[in-house]
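Here's the structure, in structure tokens; my notes come after.
FYI, the numbering just counts along the sequence from 1. Because only heavy atoms are used, hydrogens play no part in the values below, and waters and symmetry mates are left out as well, while side chains stay in.
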Amino acid sequence: MSSPTAPGFERRLGLFQATTVNMTQMCGIGPFVTIPAMVSALQGPQAMFGWLIGAIIVVADGLVWAELGASMPGAGGTYLYLREAFQYRTGRLMPFLFVWSAVLFIPLIMSTGAIGLVQYAGYLWPALVHGNGLSGLGHVFAVGVVVLVVLALYRRIDDVGKLTSIFFVVMLVTVLGVIVAAFTHFHGSVAFGFPHDAGSKFFSGLGAGLVIAVYDYLGYNTSAYLGAEVRDPGRVIPRSIVYAILGIMGLYFLLQVGVLGVVPWQEAKNSSSVASLVLERAWGKGVAQVFTVGIIITAFASVFAGLLGGSRVPYNAARDKVFLPWFGRLHPRLHFPTAGLYAMGIITAIGSLFTLTDVISMLTTAFVLVQSIAQIVALTVLRRRQPDLPRPYKMWLYPLPSIVALAGWVYIYQAAGAKPILLSLAWLALGVIAYLLWARAERTWPFGPKEIRESFVGPAEPQGQAAA
């Protein structure tokens with residue numbers, strides 16, 4: 001039986017580092033630039049409850065990730081889960097489509113971080129922004145940020161873990177600073193000044209609000225992508241996912257309430273740097289500028305953590321000959337997948353040239369079908385097809401969380417809008433064509449036999465040990 005851990009990776013990330021990787025990726029620039037969008041979508045301070053409903057969906061989905069990640073702790077996350085679950089009927093089609101989609105949507109998530117970073121940098125250097133978007137100079141600045149992230153990731157995973165811990169501290173201080181500033185100048189009548197038709201506005205705008213909320217929670221699964229580099233993965237991966245979601249949910253809720261207690265919602269929905277506005281009104285412009293630097297560092301940390309996890313996704317696919325072969329090579333000395341880091345860095349830089357709204361809509365529809373929904377199905381299939389698969393963690397209240405997550409993802413997908421849905425379906429169709437061309441060349445299903453390989457069924461790797 002093959003080892004579930006790919007050779008070359010080192011298990012160096014413990015619970016604290018795995019949780020901070022998740023939280024740093026989740027709480028990047030997202031809430032600082034999307035609080036106005038959330039308030040605009042839900043038309044009032046009732047937007048604060050949008051974060052809570054979004055958290056219910058991601059907690060349910062996080063339990064899917066927790067079981068799969070604990071059972072199959074390898075590099076690549078969803079790629080592994082779909083490969084194991086769908087090989088019985090459709091061969092390598094589903095893992096191929098996931099990698100095809102992931103090479104697009106993971107960098108697009110990072111692009112939003114780069115765009116948001118430049119928007120807040122515009123508070124300090126107005127020439128970077130133009131109206132609601134970036135200026136030409138701003139786009140150049142965003143591309144430069146991506147290049148700097150790639151250079152920062154060009155190192156061993158234990159050094160990356162140390163950097164991530166530092167970024168986590170900066171992120172936490174920055175978010176807590178905004179929250180404290182808000183609550184030192186908090187006005188309950190402003191924060192809870194609900195319009196008379198708050199209920200109807202809330203439900204009419206809930207779909208658009210959840211697209212934003214779930215985008216802001218993305219990243220809770222980063223430790224699962226790094227499964228081959230996590231110590232004691234059966235224990236660490238589930239806990240890192242749940243702890244990260246609950247921690248970020250609390251921060252988001254406090255941040256939203258605090259902001260609305262300082263800046264009336266009618267004004268907040270039109271602000272491009274609402275956190276800086278709160279800090280300026282609470283503690284003055286000088287302090288606001290200092291904390292804005294912290295927000296910029298937080299955004300950089302988010303892009304850093306996202307490319308760290310995302311660059312591992314094509315690795316296992318290439319090793320299985322389902323993707324270009326050079327994606328399966330590790331740096332000979334630093335032990336990280338070089339091609340994955342370079343390719344996703346380039347796509348991230350290209351995505352930063354578009355508007356934030358367009359990028360969020362496209363990335364949401366790009367990952368829902370081939371990752372979120374397919375992965376929920378994979379968990380159920382694996383419980384039936386591989387009953388002997390070691391499961392250090394099993395989903396609580398199965399299958400209820402799977403049902404909640406599935407309903408939430410379907411609702412969010414249809415709420416994203418017709419254009420992003422059509423674009424995502426077109427990208428998926430191109431992926432099917434690409435797969436068929438590849439399958440014919442490789443003489444695999446449907447042009448050859450299916451290869452059934454249950455890679456994770458068998459004696460489990462000793463927990464807490466470094467990979468061979």
Side-chain angles (χ1 to χ4, degrees), residues 20 23-37 39 110 112-130 132 134-135 137-138 140-142 144-149 151-152 162-187 190-191 216 247-248 250-264 267-268 270-306 352 356:
T20 57
M23 293 184 70
T24 304
Q25 165 59 10
M26 293 168 74
C27 189
I29 197 67
F32 295 115
V33 295
T34 57
I35 281 178
V39 174
M110 300 310 101
T112 64
I115 295 169
L117 184 155
V118 178
Q119 286 186 352
Y120 265 83
Y123 180 78
L124 305 175
W125 190 6
L128 296 176
V129 296
H130 178 71
N132 293 326
L134 306 186
S135 65
L137 181 61
V140 173
F141 192 88
V145 167
V146 176
V147 172
L148 185 59
V149 168
L151 292 176
K162 294 173 185 176
L163 281 173
T164 302
S165 298
I166 295 171
F167 285 146
F168 173 74
V169 172
V170 174
M171 179 274 291
L172 195 60
V173 169
T174 302
V175 174
L176 291 178
V178 176
I179 291 172
V180 171
F183 280 97
T184 56
H185 289 70
F186 184 80
H187 301 283
V190 177
D216 283 325
I248 291 296
L251 288 177
Y252 282 179
F253 187 78
L254 289 174
L255 188 62
Q256 177 76 83
V257 173
V259 166
L260 293 177
V262 177
V263 182
E267 183 181 356
N270 297 317
S271 175
S272 61
S273 53
V274 71
S276 299
L277 181 60
V278 168
L279 289 160
E280 183 177 332
R281 292 188 178 181
W283 294 336
K285 192 171 183 64
V287 174
Q289 290 174 332
V290 171
F291 271 89
T292 298
V293 173
I295 294 173
I296 292 170
I297 295 173
T298 298
F300 181 89
S302 174
V303 180
F304 178 91
S352 69
L356 183 66

Grab the two heavy atoms, one from [X] and one from [Y], that are nearest each other, plus how far apart they are.
X: A268; Y: L260; value: CB-CD2, 4.4 Å
X: F186; Y: A191; value: CZ-CB, 3.4 Å
X: A114; Y: V303; value: N-CG2, 3.8 Å
X: L255; Y: P31; value: CD2-CB, 4.0 Å
X: L128; Y: A121; value: CD1-CB, 3.6 Å
X: R281; Y: V262; value: NH1-O, 4.0 Å

Tell me which donor-acceptor pairs under 3.5 Å the side chains of residues 176-183 have, and how far apart each pair is, sequence neighbours excluded?
none

Distance-only criterion, 3.5 Å: show the donor-acceptor pairs between side-chain atoms of residues 287-301 and protein atoms not counting sequence neighbours.
{"from": "T292", "atom 1": "OG1", "to": "S276", "atom 2": "OG", "distance (Å)": "2.7"}
{"from": "T292", "atom 1": "OG1", "to": "A288", "atom 2": "O", "distance (Å)": "2.6"}
{"from": "T298", "atom 1": "OG1", "to": "G294", "atom 2": "O", "distance (Å)": "2.9"}

Output yes when a side-chain donor or acceptor of [X] lies under 3.5 Å from a complementary backbone atom of [Y], and no otherwise.
X: T34; Y: A37; answer: no
X: H185; Y: A282; answer: yes
X: S135; Y: A127; answer: yes

Which distance, rounded to the nearest 0.5 Å, do you find between the [atom1] of [X] and the [atom2] of [Y]?
X: M26; Y: T20; atom1: CE; atom2: OG1; answer: 12.5 Å
X: F32; Y: S271; atom1: CZ; atom2: OG; answer: 12.5 Å
X: L117; Y: F141; atom1: CG; atom2: CZ; answer: 6.5 Å

Just do the side chain to side chain contact (heavy atoms under 4.5 Å, CB included) check on I35 and Y252 with the steps written out, would you?
CA-CA 9 Å; I35 281 178; Y252 282 179; over 6 Å; no

Between L277 and Y123, is a side chain to side chain contact (heavy atoms under 4.5 Å, CB included) present by the stated rule, with each step listed?
CA-CA 10 Å; L277 181 60; Y123 180 78; over 6 Å; no

Side chain to side chain, V39 and Q256, heavy atoms closer than 4.5 Å
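Side-chain contact under 4.5 Å: yes.
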
Give the C-alpha distance, both sets of side-chain angles, the deciding distance and a yes or no for side chain to side chain contact (heavy atoms under 4.5 Å, CB included) between L172 and L251.
CA-CA 9 Å; L172 195 60; L251 288 177; 4.1 Å; yes

